[in-house]
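I have placed the structure first, in the form of structure tokens, so that the comments after it can refer back to it.
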Amino acid sequence: MSHKLLIANWKMNHVDLDCVRFMEEFIPKFSAKREAWIAPQALHFNLVRSMGEMKGIRVGVQNVSENSFGAFTGETSAKSLRAMGGHFAIVGHSERRQFFGETSKICALKIRTCLREGLAAVYCVGETLAQREAKLTLAVISDQLLQGLNDIISPTVDKLIIAYEPVWAIGTGKTATPAQAQEVHAFIRSVLKERFPGLGEHIKILYGGSVKPDNVEELLSQKDIDGGLVGGASLKAQDFLALCGDK
Ligand code: PEP
């Protein structure tokens, strides 16, 4: 059985000293019984990577360009990130979709670039509250998955991760119940199995949306939940340790 994976999405939080303090507190107590990956601000990537590498903590970015290099002012290159020991990029986070106009079609290009450059892509999908109330959840997820994975033929299993993040549960304190999350994860699993026969059952599907120390165990005990993508509760070392099973 593969390890559960917890990914910290620090968003645009923490100055460099906060990152150092976090890692100094986190590293000695982290036992690696679960896998821990961290996505700090791109500015702090190398700092966090160098502090985390002794414990096998993988570090990545919260967004990446669909272009490998060239005249794209302000963008982050997957190629450069990989050359510096970066492991993954989050693609299609709902804040990118909402504030930066990122569509599933753009996500498809970004995922393809990540895989070409040797980065793992953590592809986020999720419905809004209005879509859930209109009973459109599975249709929305299916659409996001099929568009985002459109170009991908035969991914290496550990280079493609799906994060189910209901938009109404992100940063709101509202969590999908374990049963609600499992229902969507099972659906995602069925789409992945159909899309990638023989591989789909091994692709990790993470849940994200107000995961906290007091709800993580029940969420992770669900059959198709392979880990969590965590915002708020990943900012404090003690909380992230608890999510990683190290109280
Ligand atoms: C996220 O931003 O990916 C997230 C899940 O945030 P939070 O844990 O704060 O809901």
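Keep in mind it's a predicted model, so treat the numbers as computed, not measured. Start at 1 and go down the list; that is how both ligands and their atoms are numbered.
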Show which atoms of ligand 1 fall inside a sub-4.0 Å distance from at least one heavy-atom site of [X].
| X | value |
| --- | --- |
| Ala169 | 10 (O) |
| Asn9 | 2 (O), 3 (O) |
| Leu229 | 3 (O), 5 (C) |
| Gly232 | 7 (P), 8 (O), 9 (O) |

The protein heavy atom nearest to atom 3 (O) of ligand 1 is Glu165 OE2, 2.8 Å
Salt bridge present between [X] and [Y] (N-O < 4.0 angstrom):
| X | Y | answer |
| --- | --- | --- |
| Arg112 | Asp151 | yes |
| Lys110 | Glu102 | yes |
| Glu127 | Arg132 | yes |

Any side-chain donor near an acceptor of the partner, Tyr164 and Gln144, under 3.5 Å: no
Hey, does Ala233 sit under 4.0 Å from ligand 1 if you only count heavy atoms? no
Polar-atom distance check: Ile170 versus ligand 1, any N or O pair below 3.5 Å? no
Kindly assign one of parallel, tilted or perpendicular to the pair Phe26 and Phe22, based on the angle between their ring planes and the thresholds 30° and 60°. parallel
